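Report on the structure given below.
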Amino acid sequence: MPKLLLRYIESHSLHYHLAVALLIGLALRLCSAWFVYGPQAVDDYYHGVLPAWQLFSHQAVTLPAFRSYLLVWLLSGFLEIAAPLGLHTGLVQVRAMYAGLGIFSLLAVGGTYLYVQRRGSHLFGALAIYLVALQPVMPFIATRAFGEAVALPLVVLGIALLEWPRSGRTRHELWWTFAGFLVIGLATLFRFQVGLIYVALGLVLLLERRWRPLAVVVVAGLLTLGMEIGIDLLSGRAALATLWSYLDANADGAAAFGVMPWYNTWLFILGLTLFPFSLVFWDQLGRLWREHRNLMIALLVFVAAHSLVPHKEERFLYPVIGLLWIALAALWSYVPRRRSVRWVYAPVFALFVLTAMPLALFNNTQAAGIVPFAKTLQRYPRAVFLDFDGRGESLMQRFFLQPANPLLHPTLPPGAQLVGDTLDRYPGYPAVVLLGSAPPTVTALRSLAGRSVAGAVCQPLEEAGSLTDRLLYRFNRKRNARRHSSWYLVCTRR
């Protein structure tokens with residue numbers, strides 16, 4: 001680690017580093033919420049953003065039986081808070097929800113600060129705080145409408161509460177144990193698999209024959225179960241109906257959505273540590289286990305369990321990513337002046353941050369399916385959309401279209417007459433948007449761009465896509481069909 005950076009860390013208190021990390025972390029999360037409003041997967045819109053908007057706007061909520069209303073209530077609450085600022089378009093609404101998630105995620109930074117108290121060196125504490133707040137993937141993860149993303153700060157906070165008595169600042173171990181397990185239980189309500197951490201840490205107490213803390217764990221577990229029952233009853237469902245539906249839907253490990261090799265989860269975790277460069281810390285793993293056993297048990301059990309499930313996605317591991325950064329900070333703090341760390345790992349890490357941070361903050365995801373609708377309706381109060389490639393209307397598009405804006409699928413090719421006829425058919429609409437991705441359609445759209453046609457002025461042709469979308473589409477076109485770039489042309493009345 002550079003000497004200048006070491007001096008900076010050592011010359012300021014953890015309170016100072018916490019304040020800096022919170023301020024910069026907040027700015028990065030708000031930036032990601034503003035620019036990266038596309039979905040990572042369809043679930044964040046289908047099971048989060050869309051039903052939250054429906055609840056906020058007093059519509060019938062479309063939510064599968066295996067999805068909890070808890071995330072929907074949280075996102076809808078963010079909309080209620082932001083409502084006085086004006087939520088007139090889908091783009092503003094999704095940005096408000098993502099910003100709320102980003103602010104909520106800062107609980108992980110506070111939890112990290114709590115965890116590092118009197119644990120290891122001052123360098124470890126500062127590194128852990130900065131990694132949890134500022135590591136490039138964190139602003140993106142923090143602003144995704146997934147239960148896994150919401151569970152991340154709660155898991156960090158829960159582990160920190162459990163470990164707080166080890167700091168020597170309290171004698172009330174049972175209360176802190178209760179609080180820690182209750183927060184982990186709350187995380188379980190957002191992502192049921194987090195219950196693996198709850199059970200694993202409870203078994204540790206059982207093996208150690210610590211009966212009084214174990215009794216507290218049982219009480220916290222019963223309260224967590226009661227909260228799940230309450231959520232279902234308030235949602236108009238039978239008690240525990242969501243949990244049983246979830247178990248039934250995933251009885252085969254969600255194999256219907258694709259089967260991935262067992263090592264995918266481990267590759268993802270190792271990749272985040274910049275393996276193989278992180279091998280410079282290999283000889284410190286034993287010390288890491290001795291000093292942070294419960295944290296490592298939570299991390300390893302969660303990753304190992306997911307490696308056994310047929311269907312795997314990176315987002316499934318989001319709940320423990322905060323723990324990963326704390327573990328990495330501990331390893332780094334053990335040998336900061338080692339040559340391989342200073343001249344190999346640190347430069348590679350810096351290069352990763354410089355290249356990955358712009359992608360995390362400014363590179364929209366799955367832009368083709370939403371950008372034409374989001375940006376157009378941000379500029380014009382209403383518009384008619386003409387989709388020439390017949391992809392059909394998705395729920396993501398419906399969120400941005402909202403009730404007033406029609407999406408049509410013409411059988412005729414793009415042309416000046418069709419633009420004029422559409423504006424005549426919809427006299428109250430100031431704009432018509434032509435979109436498609438097939439080469440003949442794009443060629444026809446180019447011929448109309450920048451022209452005055454049939455009582456309308458067509459603007460320059462725009463592409464809806466992003467760098468990562470293009471790369472992923474080229475890598476696997478079949479699996480990443482939604483990431484194929486599309487083109488759209490906005491024509492307005494003269």
Side-chain angles (χ1 to χ4, degrees), residues 1-2 5-6 8-10 12-29 31-32 102 105-117 119-143 149 152-157 159-160 163 268-275 277-278 280-281 284-285 287-288 291-292 295-296 298-299 303 314 317-336 338 341-342 344-357 359-361:
M1 180 172 291
L5 181 57
L6 279 174
Y8 164 75
I9 290 176
E10 293 170 357
H12 293 90
S13 68
L14 284 183
H15 291 85
Y16 174 87
H17 293 304
L18 174 65
V20 172
L22 285 173
L23 288 174
I24 301 177
L26 174 62
L28 295 180
R29 284 155 175 76
C31 189
S32 181
S105 75
L106 293 175
L107 278 175
V109 185
T112 303
Y113 174 77
L114 189 67
Y115 181 85
V116 301
Q117 296 296 303
R119 297 182 64 93
S121 65
H122 182 80
L123 176 61
F124 161 61
L127 280 176
I129 290 170
Y130 282 122
L131 282 176
V132 171
L134 310 180
Q135 207 281 349
V137 303
M138 292 302 285
F140 177 78
I141 292 176
T143 53
L152 187 159
L154 296 174
V155 168
V156 173
L157 181 59
I159 296 292
E163 294 295 298
F268 177 64
I269 291 297
L270 290 173
L272 288 177
T273 67
L274 303 183
F275 183 87
F277 301 101
S278 54
V280 298
F281 304 120
Q284 300 299 315
L285 290 177
R287 181 180 175 183
L288 175 66
E291 296 183 1
H292 304 275
L295 182 146
M296 293 305 297
L299 174 61
V303 177
E314 293 81 2
L317 300 178
Y318 284 176
V320 295
I321 297 302
L323 305 184
L324 178 66
W325 301 138
I326 296 175
L328 179 61
L331 290 171
W332 202 333
S333 69
Y334 295 153
V335 287
R338 179 179 285 179
V341 175
R342 292 179 59 191
V344 177
Y345 189 78
V348 170
F349 186 86
L351 179 62
F352 170 76
V353 170
L354 291 174
T355 55
M357 190 65 81
L359 293 177
L361 299 181

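Remember, predicted model here, so these are calculated numbers, not experimental data.
The side chain to side chain contact (heavy atoms under 4.5 Å, CB included) check on L324 picks up I269, L272, T273, L299, with sequence neighbours excluded. Partners of Y334 by ring pair (Phe, Tyr, Trp, His ring centres under 6.0 Å), not counting sequence neighbours: none found.
Atoms CE and CD1, from M296 and I326 in turn, are 11.5 Å apart once rounded to the nearest 0.5 Å. A distance of 11.5 Å separates CG of L152 from CG of L157, quoted to the nearest 0.5 Å. Atoms CD and OG, from E291 and S333 in turn, are 8.0 Å apart once rounded to the nearest 0.5 Å. Separating the OG atom in S105 from the CG atom in L26 is a distance of 9.0 Å, to the nearest 0.5 Å. Once rounded to the nearest 0.5 Å, the distance linking OG of S278 with CG of L331 reads 9.0 Å. With rounding to the nearest 0.5 angstrom, the OG1 atom of T112 is 10.5 Å from the CG atom of L107.
Side-chain atoms of M138 and I321, non-hydrogen and from C-beta on, do get closer than 4.5 Å to each other. Side-chain atoms of L288 and F281, non-hydrogen and from C-beta on, never get closer than 4.5 Å to each other. Between F349 and F277 there is no side-chain heavy-atom pair separated by less than 4.5 Å. Proximity of E163 to L295: side-chain heavy atoms (C-beta onward) are nowhere separated by under 4.5 Å. Contact check for Y8 versus H17: side-chain heavy atoms found under the 4.5 Å cut-off. Between V109 and V156 there is no side-chain heavy-atom pair separated by less than 4.5 Å. Residues F352 and Q135 meet the side-chain proximity criterion, which asks for heavy atoms closer than 4.5 Å. Side-chain contact between M357 and L28: present, with at least one pair of heavy atoms (C-beta onward) separated by less than 4.5 Å.
When every heavy atom of P336 is checked against every heavy atom of L6, the shortest pair comes out as CB-CD2, 4.4 Å. For the residue pair A126 and I9, the shortest heavy atom distance occurs at CB-CG2, 3.4 Å. Contact between T143 and S32 at its shortest, heavy atoms only, is OG1-OG, 3.2 Å. The two atoms that bring V116 and A128 nearest to each other are CG1-CB, 3.9 Å, heavy atoms only. Here the shortest heavy-atom pairing between A298 and V320 reads O-CG1, 4.3 Å. Taking each heavy atom of A21 and L134 in turn, the nearest pair found is O-CD2, 4.0 Å.
Put simply, the side chain of H122 gets close to the backbone of H12: a donor and an acceptor are under 3.5 Å apart. Listed for the R29 side chain is a donor-acceptor partner under 3.5 Å among the backbone atoms of A133.
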Step by step, work out the ring-ring contact (aromatic ring centres under 6.0 Å, His included) result for H15 and Y113. CA-CA 9 Å; H15 291 85; Y113 174 77; 5.6 Å; yes
Going through the checks in order, is the side-chain contact (heavy atoms from CB on, under 4.5 Å) test met by V137 and W325? CA-CA 11 Å; V137 303; W325 301 138; 3.7 Å; yes
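Cation-pi geometry between R342 and Y345 is not met at under 6.0 angstrom from the ring centre and within 45 degrees of the axis.
In the model, H292 has a side-chain atom that pairs as donor or acceptor with a side-chain atom of Y115 under 3.5 Å.
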